Amino acid sequence: IVVTGSDDHLWKMWALPDGNIIMTGEGHTDWLSGCCFHPRLVQTLVTSSGDTTVQIWDFSKRGCILTLEGHARTVWHCSWHSCGDFVASASMDNTSKIWDVNSERCRYTMCGHKDSVNSIEFLPFSNTVLTSSADKTLSLWDAR
């Protein structure tokens with residue numbers, strides 16, 4: 001399975017090797033910048049977008065089940081914590097956020113980069129988060 005985003009605000013899920021489209025998602029109001037499968041729930045995907053939001057999708061429901069709002073500018077990247085209860089997002093607003101999916105709220109906003117935060121990843125099975133920025137730095141964060 002391959003997921004792609006496009007300028008038409010849609011994402012498409014493709015089956016390999018035949019190349020058939022399995023599903024198309026519509027919900028963001030601007031281009032898509034990232035996507036990541038849930039670590040345990042194969043029917044769940046998170047996406048990030050130029051519309052400043054992060055969205056969680058459920059394939060079985062064929063749509064977006066949660067929109068996370070709080071960034072002031074484009075969200076460049078998103079990733080799941082290995083437990084599947086938290087999503088991390090990296091934004092052009094120089095911040096990154098940790099979202100609690102169960103409470104549907106931002107748990108932490110990490111400030112410190114002097115330019116766009118371009119990517120974010122959790123260290124597997126850990127509370128440590130790694131961010132990379134256009135300010136030419138990497139930062140390690142304790143998300144507790």
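FYI, the numbering just counts along the sequence from 1. Since we're looking at a predicted model, the values are computed, not measured.
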- Message: Taking the side chain as everything from C-beta on, heavy atoms only, tell me whether Glu104 gets closer than 4.5 Å to Leu66.
- Response: yes
- Message: Rounded at 0.5 Å granularity, tell me how far CZ in Arg40 sits from CG in Asp85.
- Response: 6.5 Å
- Query: So which of Leu45, Val42, Leu41 actually passes side-chain contact (heavy atoms from CB on, under 4.5 Å) with Phe59?
  - Reply: Leu45
- Item | Atom pair CG (Leu138) and CG (Leu130), whose distance is rounded to the nearest 0.5 Å | 5.5 Å
- Item | Single-linkage hydrophobic cluster Ile65~Val87, side-chain heavy atoms < 4.5 angstrom | yes
- Return yes if a side-chain donor-acceptor contact under 3.5 Å exists between Trp57 and Thr47, otherwise no. yes
- So among Ser33, Ser48, Ser116, which one has a side-chain hydrogen bond (donor to acceptor under 3.5 Å, both in side chains) with Trp76? Ser116
- Would you say the side-chain atoms of Asp135 and His113 include a donor-acceptor pair closer than 3.5 Å? yes
- Item | Residue pair Arg105 / Trp99, side-chain heavy-atom distance below 4.5 Å | no
- Item | Value rounded to 0.5 Å, distance of OG in Ser96 from CE in Met110 | 3.0 Å
- Among Trp80, Tyr108, Phe122, find the residue that satisfies the side-chain contact (heavy atoms from CB on, under 4.5 Å) test when tested with Phe86. Phe122
- Query: For residues Thr67 and Thr53, is any side-chain donor paired with an opposing acceptor at under 3.5 Å?
  - Reply: no
- To the nearest 0.5 Å, atom CD of Gln55 lies from atom SG of Cys78 at 10.5 Å
- Task: Is it possible for you to say whether Trp31 and Met92 belong to one hydrophobic cluster, with membership spreading through side-chain heavy-atom contacts below 4.5 Å?
- Result: yes
- Task: Check step by step if side-chain hydrogen bond (donor to acceptor under 3.5 Å, both in side chains) holds for Thr95 and Thr109.
- Result: CA-CA 7 Å; Thr95 70; Thr109 299; 6.0 Å; no
